**Student:** 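Right, I'll just put the structure down here and ask away after.
As a basis for the values below, the full set of heavy atoms in this structure was taken, side chains included, without hydrogen atoms, waters or symmetry mates. In each ligand, atom 1 is the first atom listed, and ligand 1 is the first ligand listed. Residue numbers count from 1 along this sequence. As the structure is a computational prediction, the values presented were derived from the model and not from experiment.
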Amino acid sequence: MKKLLIGLLLVVATETQAQDAKMNAFVSNLMGKMTLEEKIGQLNLVVPGGGTVTGSVVSQGVDDNIRKGNVGGLFGITGPEKIRKIQDIAVKNSRLHIPLIFGLDIIHGHKTIFPIPLGLSASWDMGLIERSARIAAQEGTADGLSWAYSPMVDISRDPRWGRIAEGSGEDPYLGSRIAEAMVRGYQGKDYSQGNTLMACVKHFALYGAAEGGRDYNSVDMSRIKMFQYYLPPYKAAIDAGVGSIMTSFNDIDAVPATGNKWLLTDLLRKQWGFKGLVVSDYTAVNEMIAHGLGNLQTVSALALKAGLDMDMVGEGFLTTLKKSLQEGKVTLQDINNACRRVLETKYKLGLFDDPYRYIREDRVAKDILTPANRAAAREIAARSFVLLKNDRQTLPLANKGTIALIGPLADSKNNMLGTWAVSGDLQQAVTVREGIRNVVGDSVKILYAKGANLTDDTTLAKNVNVFGPRAEIDSRSPDVMLHEAFNVAQKADVIVAVLGEASEMSGESASRSNLDIPESQRTLLKALVQSGKPVVLVLMNGRPMTITWEDANVTAILDTWFAGTEAGNAIADVLFGRYNPSGKITASFPRNVGQIPVFYNHKNTGRPLEGTTFQKFKSDYLDVPNTPLYPFGYGLSYTTFSYSDVKVSKQNPAGNETITASVTVTNTGKYAGEEVVQLYLTDPVASVTRSVQDLIGFRKIPLQPGESKEVSFNISTENLKFYNSNLQYVWEPGEFIIRIGTNSAETKSATITWRK
Ligand code: BGC
């Protein structure tokens, strides 16, 4: 058996070598014919404007530049007809007929929009997440694209940062598994298939640790912290075979990522062995001027020498590299290396075999926004919701009686898709009001009132309305709206209040210093609570919010993130018990903004607080507990689960043994449900300070009422490893605490001793 496996591996290795040799020969031959200008042209990635633009600059004279061989790829345009016309220019009218690559921000779906990534991550369901990326690839390629700027795997412990919405939260282990699932979903086994996309893991690196949660801000972090908590998801994407990686805007150790040789060459290429394409973020090369590293020529040379291959939008490479070569600031080898990687990427995408591989006009009608894709979006959305509170089993709602459906997000198509849905059609989105009607028909009487503006703050509204109306201010006065809502509430058995953020209150350049539900909506909610009726808060949000007041005062809270095209249907499915919520949050919810950063895998300090009440000379706050409002991994179900004690197969393992740790989980309630069983590890004594616990495994299991299942995890020394002071990835013998439970704050444990 072992021999057979080795034989098989050898065959695969030889095949890969042969394919690589073929690719190298092809690319070398092509490069032999290229002028210096044409080589530099391949490094130029442009955005023609009129599409999705995320910076203040758009590229000019694109057609002419393509003809001259000055463009390697484009992004921000969709549709096979348009893309064919542009590909025609490159393939028919440029000297060497080199095809272009077409990219786009396909982030959580292309036209069928899935929940925002933070929501998807809350499903803890890798199969589901992979499926969402697979459908996105199907739709994206049907629309003429071959390259998706996703997954974003930046770990973030700071919900003020608007882009926390685009990632998988605070944990590197879960983040890594999701990174792999996304790459598998987009790329399949081989991204030259015509219906698979090349993925682009971003933003390398540490973008999620921007100081103060302010977008694009500086990052300064110890190496040990990077390696332990922030770098693993990028590495996981690379190990899963991601074809490309995007640099981040921030500096790292005082050098912007885009010009950081340690990051792009020493770590990425040499240590991690990445062979794919490195692209800058939008004008990130040029932005090094403002970072204070010199003029455009200097920063462009710096980026190339650091290991950047493609320059997004800024044209610093295009306009300065020739001069830098003449002045000896870069070498021909530097330019050749980058050009080779762009051409290799095109080769791997199959574009030299068929430049029109991704351009199939007939696929648009067949593959985009199909009923099957929408059905998947509905199912995936329902599985991303997190039940944060459910007093007196208020949820699920009965299929009868009268419901007051209230709130500025209850019937707002404009806010359903969430941030970064650049190809999503808002008109296709299902609102909560529509979804409830679809699910319960006439069996329930629905009384609707908007009740409040998303915000009454006209400046905030203007800031979030940059891509179109998201937070419109009603022509009626707040008082009139409030009155209407209160009257409606009086007539109902239960109030469903759909409140939260506008979709563009999170995402890029959407950081907030106040994470409350905006004042206008809080006032509405207070009035609704005063009516004495049960209040179900359906929250829409791109980040953990400070909902301490809401938690104390409303009856039930369902967190639905921004759930995408099928949002309303999925929300109705969950509200009325068609699906029992099973999501768990992947970023801690702070009690107030002053607690940030608050995250589960923190260090102990030398003066840890025991319990939750303030103690003098302990590491704590005078005015707020250390614990978050909701801890990482938290989420309720309509049913309840009980956990047995943790059983380990061996108390004293040694060396390379593998042991198992198991629990029996029982569904002790009335509904069928799914539970995310989480495995954490504590390493109480080590040569460096460790976090109080780290997630090292999880499993999502379905359980019928009364059913029990044993869940068993394998644990080996791989799970015990961490980075020591020399940045070696090691495990140290001694005692370990294995914790298994329903969230990071509620676990049962067993202690073992692992000998050398
Ligand atoms: C964002 C990237 C995105 C790029 C292209 C940038 O502003 O940071 O995440 O992929 O624009 O749209």
**Student:** Please confirm whether K346 makes a cation-pi placement over W147, using NZ or CZ under 6.0 Å from the six-membered ring centre and within 45° of the ring normal.
**Tutor:**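 Verdict for W147: no cation-pi partner in K346.
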**Student:** Can you check whether D281 has an N/O within less than 3.5 Å of an N/O in ligand 1?
**Tutor:**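 Yes, at least one N or O pair falls under 3.5 Å.
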**Student:** So F204 and Y234, would you call those rings parallel, tilted or perpendicular, with 30° and 60° as cut-offs?
**Tutor:**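 Perpendicular, since the angle between the ring planes exceeds 60°.
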**Student:** Can you list the atoms of ligand 1 that are under 4.0 Å from a heavy atom of Y282?
**Tutor:**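 Under 4.0 Å from Y282, ligand 1 has these atoms: 6 (C), 7 (O), 11 (O).
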**Student:** Examine Y149 together with F75 and report whether their ring centres are nearer than 6.0 Å.
**Tutor:**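 Yes, the ring centres sit under 6.0 Å apart.
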**Student:** May I ask you to check if R269 and F274 form a cation-pi contact, with NZ or CZ under 6.0 angstrom from the six-membered ring centre and within 45° of the axis?
**Tutor:**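 Here R269 fails the 6.0 Å and 45° test against F274.
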**Student:** Determine whether the aromatic ring centres of residues Y207 and W161 are separated by less than 6.0 angstrom.
**Tutor:**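 Yes.
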**Student:** Taking N or O atoms only and a 3.5 Å limit, does K202 qualify as a polar contact for ligand 1?
**Tutor:**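 N/O-N/O distance below 3.5 Å exists for this pair.
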**Student:** Any N or O of H203 that comes nearer than 3.5 Å to an N or O of ligand 1?
**Tutor:**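 Yes, there is a polar N/O contact under 3.5 Å.
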**Student:** Under a 4.0 angstrom heavy-atom cut-off, which atoms of ligand 1 come close to F249?
**Tutor:**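 Contacts of ligand 1 toward F249, numbered from 1: 7 (O), 8 (O).
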**Student:** Is there a donor-acceptor contact under 3.5 Å linking the side chains of D311 and N44?
**Tutor:**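 Their side chains do not contain a donor-acceptor pair, so the 3.5 Å distance test is not met.
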**Student:** Between ligand 1 and D105, is the shortest N or O to N or O distance under 3.5 Å?
**Tutor:**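 Looking only at distances, the answer is yes, because the N/O contact criterion of under 3.5 Å is met.
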**Student:** Give the atoms of ligand 1, by number and element, whose distance to some non-hydrogen atom of F75 is under 4.0 Å.
**Tutor:**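 Taking each heavy atom of F75 in turn, ligand 1 has 5 (C), 12 (O) under 4.0 Å.
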**Student:** Does R360, at its CZ atom, have more than 12 non-hydrogen atoms belonging to other residues, nucleotides or ligands within less than 6.0 Å?
**Tutor:**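 More than 12 heavy atoms, drawn from other residues, nucleotides or ligands, come within 6.0 Å of this atom.
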**Student:** Answer with side chain, backbone, both or neither: which part of M152 has a heavy atom less than 4.0 angstrom from an atom of ligand 1?
**Tutor:**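 M152 to ligand 1: no contact under 4.0 Å from either part.
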**Student:** Give yes if a backbone or side-chain nitrogen or oxygen of Y207 is under 3.5 Å from a nitrogen or oxygen of ligand 1, and no if not.
**Tutor:**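 No; every N/O pair is 3.5 Å or more apart.
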**Student:** Taking non-hydrogen atoms only, is E166 closer than 4.0 angstrom to ligand 1 via side chain, backbone, both or neither?
**Tutor:**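 Neither part.
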